[in-house]
Amino acid sequence: MEKDPIFQAVLKAIASIDRAQFVPVDQQVNASKDTPLPIGFGQTISDPYIVAMMTYSVGARPGGNVLEIGTGSGYQAAVLSRLGAVVHSIEIVPELAQSASARLDRLKFKGVTIKAGDGFVGWPEYAPYDGIIVTAGSSEAPPALLAQVKTGGRLVMPIGANTAVEQLIVFTKRSDGGFDRCSLGPAMFVPFTGAGRKPEIPATYDRTVALCRRGQTARWPGQPIG
């Protein structure tokens, strides 16, 4: 993956953005660290590595139509914008939606439209999407979001019965309307809130999902290398 020109473009986009602009003042000293950071209202900004993996895996490209669920501070949307994608982003916390929109306007990121709303229903007015990124975890992919992915498009989101056992799943829509899926490995995100939220339950990792293989280095905890 290190030599993949598309992944290199993603890394270049991330490197061109000052992450400190997307976190609260008291977290700016930590902005250069590859770790999630709190942004208020019980939400977080993902670490740059996860943002890179999700952006690459969703297939973001110039002119691509991408839906983001969970705007947060606008960092993921900024990366997509820098890659030339057309971004529609939904944030369930109105205050975050408003501040993210103002921030992206102030920093002159183009092609991003943000609204406050419930991400479980998606944004059908602009569907179908080449890619959908969900930055919150759920036990399953919402049917409305799967329906809004175009043929050949991808949905990337954390799936798991609870936050401790989530894994990043890439859903790729086939021509028959079904989905192939693979895992980018373990993850831990804030819960996906909204009308479709389901309670967390005790569970273990679903190891039946094959790891995504193209340039993939993720492994299950304790899984030997090789």
Side-chain angles (χ1 to χ4, degrees), residues 10 12-28 30-32 36-48 50-52 54-56 58-138 142 144-145 148-149 153 155-158 189-197:
V10 173
K12 183 177 180 181
I14 289 175
S16 72
I17 297 171
D18 182 6
R19 191 169 179 244
Q21 298 277 353
F22 294 85
V23 299
V25 172
D26 64 349
Q27 290 295 327
Q28 289 181 350
N30 299 314
S32 62
L37 297 172
I39 57 172
F41 302 94
Q43 304 301 303
T44 60
I45 181 175
S46 295
D47 56 272
I50 289 295
V51 171
M54 296 183 78
T55 305
Y56 172 76
V58 83
R61 65 180 188 276
N65 185 25
V66 180
L67 174 66
E68 179 196 22
I69 306 298
T71 313
S73 65
Y75 181 61
Q76 173 71 80
V79 173
L80 292 166
S81 171
R82 188 56 54 86
L83 288 166
V86 177
V87 186
H88 293 87
S89 187
I90 303 174
E91 171 55 54
I92 198 166
V93 180
E95 294 88 345
L96 287 177
Q98 182 178 7
S99 62
S101 182
R103 180 178 296 109
L104 292 171
D105 284 345
R106 174 171 54 83
L107 297 174
K108 302 187 185 307
F109 286 95
K110 305 297 184 182
V112 181
T113 304
I114 298 172
K115 75 170 182 177
D118 187 343
F120 272 94
V121 300
W123 204 337
E125 293 91 331
Y126 299 99
Y129 297 98
D130 297 295
I132 298 178
I133 289 178
V134 182
T135 59
S138 179
L145 296 185
Q148 290 171 36
V149 179
L155 180 149
V156 181
M157 71 173 292
F189 281 72
V190 296
F192 196 164
T193 57
R197 181 178 182 179

For the side chain of T55 and the backbone of V51, is there at least one donor-acceptor N/O pair under 3.5 Å apart?
yes
Does A144 offer a backbone N or O that forms a donor-acceptor pair with the side chain of Q148 under 3.5 Å?
yes
Yes or no on side chain to side chain contact (heavy atoms under 4.5 Å, CB included) for L104 and I114, after CA distance, side-chain angles and deciding distance?
CA-CA 10 Å; L104 292 171; I114 298 172; 3.7 Å; yes
Keeping S99 on the side-chain end and L96 on the backbone end, is there a donor-acceptor pair under 3.5 Å?
yes
Counting distance only, does the side-chain N/O of N65 pair as donor-acceptor with the main-chain N or O of V87 below 3.5 Å?
no
For the residue pair S32 and R19, confirm or rule out a side-chain donor-acceptor distance under 3.5 Å.
no
Around K12, counting heavy atoms of other residues, nucleotides and ligands shown, do more than 12 lie under 6.0 Å from its NZ?
no
Closest heavy-atom contact between V149 and P128?
C-CB, 4.4 Å
CZ of R61: more than 12 outside heavy atoms within 6.0 angstrom?
no
Over 60° means perpendicular and under 30° means parallel, so tell me whether W123 and H88 are parallel, tilted or perpendicular.
perpendicular
Pair E68-S89, side-chain donor/acceptor within less than 3.5 Å:
yes
Taking the side chain as every heavy atom from C-beta outward, state whether I69 and L145 have any pair of such atoms under 4.5 Å apart.
yes
Calculate, to the nearest 0.5 Å, the distance between atoms OG1 and CD1 belonging to T113 and I90 respectively.
11.0 Å
Around atom CD of E95, are there more than 12 heavy atoms of other residues, nucleotides or ligands at under 6.0 Å?
yes
Taking every non-hydrogen atom, the tightest pair across M157 and M54:
CA-CE, 4.5 Å
Once rounded to the nearest 0.5 Å, what's the spacing between atom CD1 of I45 and atom CG of N30?
11.5 Å
Check whether any side-chain heavy atom of P36 sits under 4.5 Å from a side-chain heavy atom of F189, and report yes or no.
no
